[in-house]
Asks: 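Before I ask anything, let me first share the structure, which is written out below as structure tokens.
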Amino acid sequence: MSYQKSIYDAVSFLFGGGLANDLQEWMNDLFTTILAIVDGGLVTSVLAALSAVACSLLILYFFMDLMDQAKRDMFSFEKMIIAFIKFLAAVVVLICLPDLIKYLVQIGHAVYQFAANDDTISGALVSGNGNAISLFPDVAREDMATMPPWDNNTQDAFTDALGKGVTGFLGHVGLWVECMIINLIGMIMRIVGFFLCASNALWVLVRATFSPFAVVQLFEDGSRSSGMRYLKGFAADCITMAVYVVILLAASAVTNGLVQNYIEVSEITFENMETIIDWSTTAILLVPQLVAVGAMGGGGKVAHDIMGA
């Protein structure tokens, strides 16, 4: 990797919403994979196989409940009807479980898309004068508030501005060192964010796989049963990525507020780049993102609290 690319990556991470955009792209890919697996034959086949065992357990629990009431002299025609209705409700849920799982995942995806606004979760930074900060306006493109793609035009612009070879590197070694530290912190934050999102995706698939055994427990206490808590927990896992998006949006809003208070420039150019990217500016832009990644670790708990799981 050239030192010009290292500087470009650091500027993109600080001012171009690099972390939020990367995590959003990762979450989009994960949801696409989850939906493909749930809609495909794999989950349906596994659910069908486990549902047969779960149905046997459900019948067993039904007769055990009747025997327990008979032993305690609490058996009556009314209680038998109630037990039978609960049994039928659990059977219906078990039969419709593949569709229920698919719809819950689709609802979670819809909530995620609504929170992410379908496009991006990282808006343009606004400076103290109230205008969006332009990023390297010398590189021709339509939207100056976003980082230019790392194509031949951008590479040539960075090379012309920063120089090439050893001479160019030595002339910007201080900026390069700071950018390498930013890139290292950014890489760690991305790894943690990717891990949390992938972990949530795996939990969705694992809960979906073993859901037939949880549905059997709907027979016990109805809406307060372990089975209902399990389904609520599954729904919570489906909306966890939406919670992640809200956390990143909040971090973006905090970052924008700090930028408006502390950064007065209206554009980042090759001429002022080294002056603007100092340690104080880096701290202003990095701290909200660090906090956001840490807060994502508790996103699952927030989602479970929302669903009452």
Side-chain angles (χ1 to χ4, degrees), residues 6 9-31 33-34 108-109 111-117 119-126 147 177-207 232-263 277-309:
S6 299
D9 288 342
V11 176
S12 177
F13 184 79
L14 290 178
F15 294 95
L19 175 67
N21 290 333
D22 288 345
L23 289 180
Q24 182 189 20
E25 183 179 351
W26 178 238
M27 286 187 281
N28 287 337
D29 292 341
L30 288 173
F31 254 123
T33 303
I34 293 171
H109 185 227
V111 173
Y112 162 77
Q113 286 186 318
F114 177 78
N117 200 23
D119 295 318
T120 181
I121 52 178
S122 177
L125 292 178
V126 179
M147 282 293 290
V177 170
E178 184 174 355
C179 288
M180 287 300 294
I181 295 174
I182 294 171
N183 289 333
L184 177 61
I185 296 173
M187 181 182 67
I188 295 173
M189 292 167 65
R190 286 186 177 95
I191 291 174
V192 174
F194 289 165
F195 173 82
L196 290 171
C197 295
S199 176
N200 173 245
L202 287 177
W203 270 117
V204 170
L205 295 176
V206 169
R207 280 186 181 270
K232 287 181 178 180
F234 177 76
D237 287 336
C238 291
I239 67 169
T240 296
M241 289 194 199
V243 176
Y244 291 165
V245 169
V246 173
I247 291 172
L248 292 172
L249 282 170
S252 178
V254 172
T255 302
N256 247 321
L258 293 173
V259 168
Q260 291 181 39
N261 289 330
Y262 293 100
I263 300 179
I277 305 178
D278 56 13
W279 291 112
S280 60
T281 303
T282 299
I284 290 171
L285 296 174
L286 275 183
V287 168
Q289 298 186 68
L290 282 167
V291 173
V293 173
M296 286 173 63
K301 184 179 183 306
V302 174
H304 280 73
D305 289 342
I306 293 172
M307 298 304 301

Asks: Please test Leu248 against Met27 for side chain to side chain contact (heavy atoms under 4.5 Å, CB included), starting from the C-alpha separation and ending with a verdict.
Replies: CA-CA 12 Å; Leu248 292 172; Met27 286 187 281; 4.3 Å; yes

Asks: CZ of Phe31 to CD of Gln113: how many Å apart, nearest 0.5 Å?
Replies: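 It is 8.5 Å, given to the nearest 0.5 Å.
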
Asks: Can you give me every donor-acceptor pair (side chain of residues 184-195, partner residue at least two apart or in another chain, under 3.5 Å) with its distance?
Replies:
residue : atom : partner : partner atom : Å
Arg190  : NE   : Asp22   : OD2          : 2.5
Arg190  : NH2  : Asp22   : OD2          : 3.2

Asks: State, to 0.1 Å, how close Pro288 and Val254 come at their nearest heavy-atom pair, and which atoms those are.
Replies: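 Closest heavy-atom pair between Pro288 and Val254: CG-CG1, 4.2 Å.
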
Asks: Can you find a pair of side-chain heavy atoms, one from Asn183 and one from Ser6, that are under 4.5 Å apart?
Replies: yes

Asks: Step by step, work out the side chain to side chain contact (heavy atoms under 4.5 Å, CB included) result for Asp237 and His304.
Replies: CA-CA 8 Å; Asp237 287 336; His304 280 73; 3.2 Å; yes

Asks: Can you name the nearest heavy-atom pair linking Ala303 to Val243, along with the distance?
Replies: CB-CG2, 4.1 Å

Asks: Just verifying a value: how many Å separate Lys232 NZ and Ile306 CD1, rounded to the nearest 0.5 Å?
Replies: 13.5 Å

Asks: Between Tyr112 and Asn28, is there a side-chain heavy-atom distance shorter than 4.5 Å?
Replies: yes

Asks: For residues Ile34 and Ala201, report the shortest heavy-atom separation together with the two atoms involved.
Replies: CD1-CB, 3.6 Å

Asks: side-chain hydrogen bond (donor to acceptor under 3.5 Å, both in side chains) between Tyr244 and Asn200: does it pass, once the steps are laid out?
Replies: CA-CA 11 Å; Tyr244 291 165; Asn200 173 245; 5.3 Å; no

Asks: Between SG of Cys197 and CD of Glu25, what distance do you get to the nearest 0.5 Å?
Replies: 12.0 Å

Asks: Are the side chains of His109 and Cys238 in touch, meaning some heavy atoms are under 4.5 Å apart?
Replies: no

Asks: Please give me the minimum heavy-atom distance between Val111 and Ala242, naming the atom from each residue.
Replies: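 Nearest heavy atoms, Val111 then Ala242: CG1-CB, 3.7 Å.
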
